[in-house]
Amino acid sequence: MPARRPRTVRTRVPTRRLPRRPAPNAAIISALERIESAGGAAAVEAAPHKSIEVSHLDKVFFPDAGVTKGDVMRYYVRVAKYILPAIADRPLVLKRTPEGVNGELFFQQNAPDDVPDGVRVDNVAAQGEPQCRFVGGDLPTLLHLVQLGCISLDPWMSRIGSLDHPDYSIIDLDPGPGASFKLVARVALWVREALDELGLRAVPKTSGSRGIHIAIPLPRSTSYQDSIATAKAAAARVVDLHPRQATVERALENRPRGTVYVDCLQNSRGKSVAAAYAVRAKPDATVSAPLTWDEVVESLDPREFTVRTMPARVEQHGDLWREGLKHGNSASVIRAIATPGGKPRASAGKK
DNA sequence: GCTGATT
DNA sequence: AATCAGCAACGCGAC
DNA sequence: GTCGCG
């Protein structure tokens, strides 16, 4: 078969001679580098006309990996295009380690009465009085949080304006002692099969250490209760079929050795799971990395995804997370799963 | 990392 | 002027 | 009810 004749005269468009388009946010990254070298404190223009005060950027946050506070900030600037949509409009639970990952850890939900200009907070009705909370979605806020010692970014499953309606449900696969990442990947694939049987789609990401998170996109106006019920239905099915590999038993001592804990109980109001693309406060500066299901089949090593390597991956791999969550699952399917009698299985107790 | 209270 | 404590939260199942 | 768990 005659190959299509290539154009004989290939007009060479001088793309290579055009000034290379600067990487997005290159100015912010170099500003952070300068501030780190100079030491001390300085303001960085994290968005047009939005300057954020940062300091001690040379403080080592990850002694093993040799990653500084400045490195963490620059990582987030590099992946901003991807992580900001993942936390946009979501209240954030702060997990703070101002002295680095080996230092003391504390949690914080409430934001102080006044925060620097450009940092987003909003009122969130917890129980009783509304509380002021940090809300994700913009770079100035994100850099301020790292400045405060937040390494991970942990958003609610629901957003400002619909705080009672999560838009995804998380199944957290957590390998117990003696369980390999490969086994986690196998369990993840079983969860996918169980969800498929139920008529649901989901997307995986590494948890940032040895686990996998599976996010099930939820239709509008799903309640937290139904979110939990949905995750439980899939988990129960997997444990039913593979009791030697998977368990829903929370008590550590009751878990068979070498099993993967299938945790569905993160899906309630006010709880949070590390965002896709977030750095985790573990010694090796790993990152919660969105995966394709094909990659789960390949059982990649999660340690491949670190503060240093993620930006390149993200650049090639595109916005896996946003794409994956686009597919809305059916409201009637969720309702059927969550309604007692509709699909008996998970919550046999309760009345 | 920072605030507000205590010495 | 230095020191120091606080900085979240909730459902679940086993006892 | 309280405890341990995440």
Side-chain angles (χ1 to χ4, degrees), chain A residues 40-42 52-61 68-70 72-73 90-116 119 121 124-134 141 143-158 163-164 166 169-177 207-213 223-229 231-232 235-236 239 247-255 259-274 280-282 346-351:
Chain A
I52 291 295
E53 191 79 11
V54 297
S55 66
H56 305 115
L57 300 192
D58 57 348
K59 178 173 280 192
V60 176
F61 269 11
T68 65
K69 185 179 182 181
V72 174
M73 285 190 188
R90 301 178 189 276
L92 298 170
V93 176
L94 277 48
K95 196 180 290 179
R96 296 181 56 186
T97 50
E99 304 303 323
V101 295
N102 294 336
E104 206 168 302
L105 176 145
F106 62 93
F107 291 83
Q108 181 177 349
Q109 292 259 22
N110 296 339
D113 288 334
D114 54 341
V115 296
V119 172
V121 294
V124 171
Q127 44 183 2
E129 289 304 293
Q131 308 275 292
C132 188
R133 303 291 174 88
F134 290 99
T141 302
L143 292 187
H144 176 64
L145 293 175
V146 179
Q147 168 59 22
L148 292 180
C150 297
I151 290 172
S152 180
L153 293 166
D154 298 52
W156 282 30
M157 324 282 164
S158 55
L163 287 170
D164 291 321
S169 181
I170 289 276
I171 296 177
D172 176 9
L173 304 182
D174 190 10
S207 71
S209 45
R210 303 178 55 235
I212 287 181
H213 293 157
S223 65
Y224 272 105
Q225 194 178 26
D226 287 359
S227 169
I228 285 195
K232 271 170 132 177
V239 171
T247 179
V248 289
E249 182 58 63
R250 253 166 323 134
L252 209 29
E253 65 177 7
N254 296 343
R255 280 181 214 163
T259 55
V260 174
Y261 173 43
V262 184
D263 183 2
C264 300
L265 301 176
Q266 298 299 117
N267 297 298
S268 53
R269 200 181 188 275
K271 292 203 165 190
S272 63
V273 169
R280 307 309 306 284
K282 306 271 184 159
S347 46
K350 214 54 173 189
K351 177 148 341 157

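In what follows, every chain begins at residue 1, and chains take the letters A, B, ... in the order their sequences are listed.
The CG-C1' distance, from Asp113(A) to dG4(B), rounds to 12 Å in whole Å. Whole-Å rounding puts the Lys282(A) NZ to dG6(D) P distance at 11 Å. Rounded to whole Å, atom P of dC5(D) lies 13 Å from atom CG of Asp174(A). For the pair Glu249(A) CD and dG6(D) P, the computed distance is 11 Å after rounding to whole Å. Taking atom NZ on Lys59(A) and atom C1' on dG1(B), their separation rounds to 8 Å, with Å as the unit. If you measure from atom CD of Gln225(A) to atom P of dC10(C), you get 16 Å, rounded to the nearest angstrom. To the nearest angstrom, P of dC5(D) lies 8 Å from CD of Glu253(A). Here dG6(D) presents its C1' atom at 16 Å from CD1 of Ile171(A), a figure rounded to the nearest Å.
With hydrogens and angles disregarded, no donor-acceptor distance shorter than 3.5 Å links the side chain of Lys95(A) to the backbone of Ile151(A). Remark: side-chain polar atoms of Ser158(A) are paired, donor with acceptor, to backbone N or O of Leu163(A) under 3.5 angstrom. With hydrogens and angles ignored, the 3.5 Å screen pairs a side-chain donor or acceptor of Ser207(A) with a backbone N or O of Ser209(A). Here the side chain of Arg96(A) pairs a donor or acceptor atom with the backbone of Leu148(A) at under 3.5 angstrom.
Of all nucleotides listed (dG6(D), dG1(B), dA14(C)), dG6(D) comes nearest to the side chain of Arg255(A). Checking dG6(D), dG4(D), dC2(B) against every side-chain atom of Gln147(A), the shortest atom distance belongs to dC2(B). Closest approach to the Arg250(A) side chain among dG11(C), dG1(B), dG6(D) is made by dG11(C) (side chain taken as heavy atoms from C-beta onward). Here dA14(C) is the nucleotide among dG1(B), dG11(C), dA14(C) with the atom lying nearest to any side-chain atom of Asn254(A).
Nucleic acid contact class of Lys69(A) (heavy atoms, under 4.0 Å, all strands): sugar-phosphate only.
Under the 4.0 Å criterion applied to side-chain N and carboxylate O atoms, Lys59(A) and Glu99(A) are assigned as salt-bridge partners.
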Can you build the contact string for nucleotides 3-8 of chain C? Use B for base contact, S for sugar-phosphate-only contact, and - for no protein heavy atom under 4.0 Å. ----BB
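Remark: the separation of the P atoms in dT3(B) and dA8(C) is 15 Å, to the nearest Å. With C1' as the reference atom, dA9(C) and dC3(D) are 16 Å apart, rounded to whole Å.
Residues Ser152(A) and Ala274(A) come closest through the heavy atom pair OG-CB, 3.8 Å.
Nearest-nucleotide positions on DNA chain C for Ala251(A) and Ser268(A) put Ser268(A) closer to the 5' end.
The local environment of CG in Asp113(A) is sparse, with at most 12 non-hydrogen atoms from other residues, nucleotides or ligands closer than 6.0 Å.
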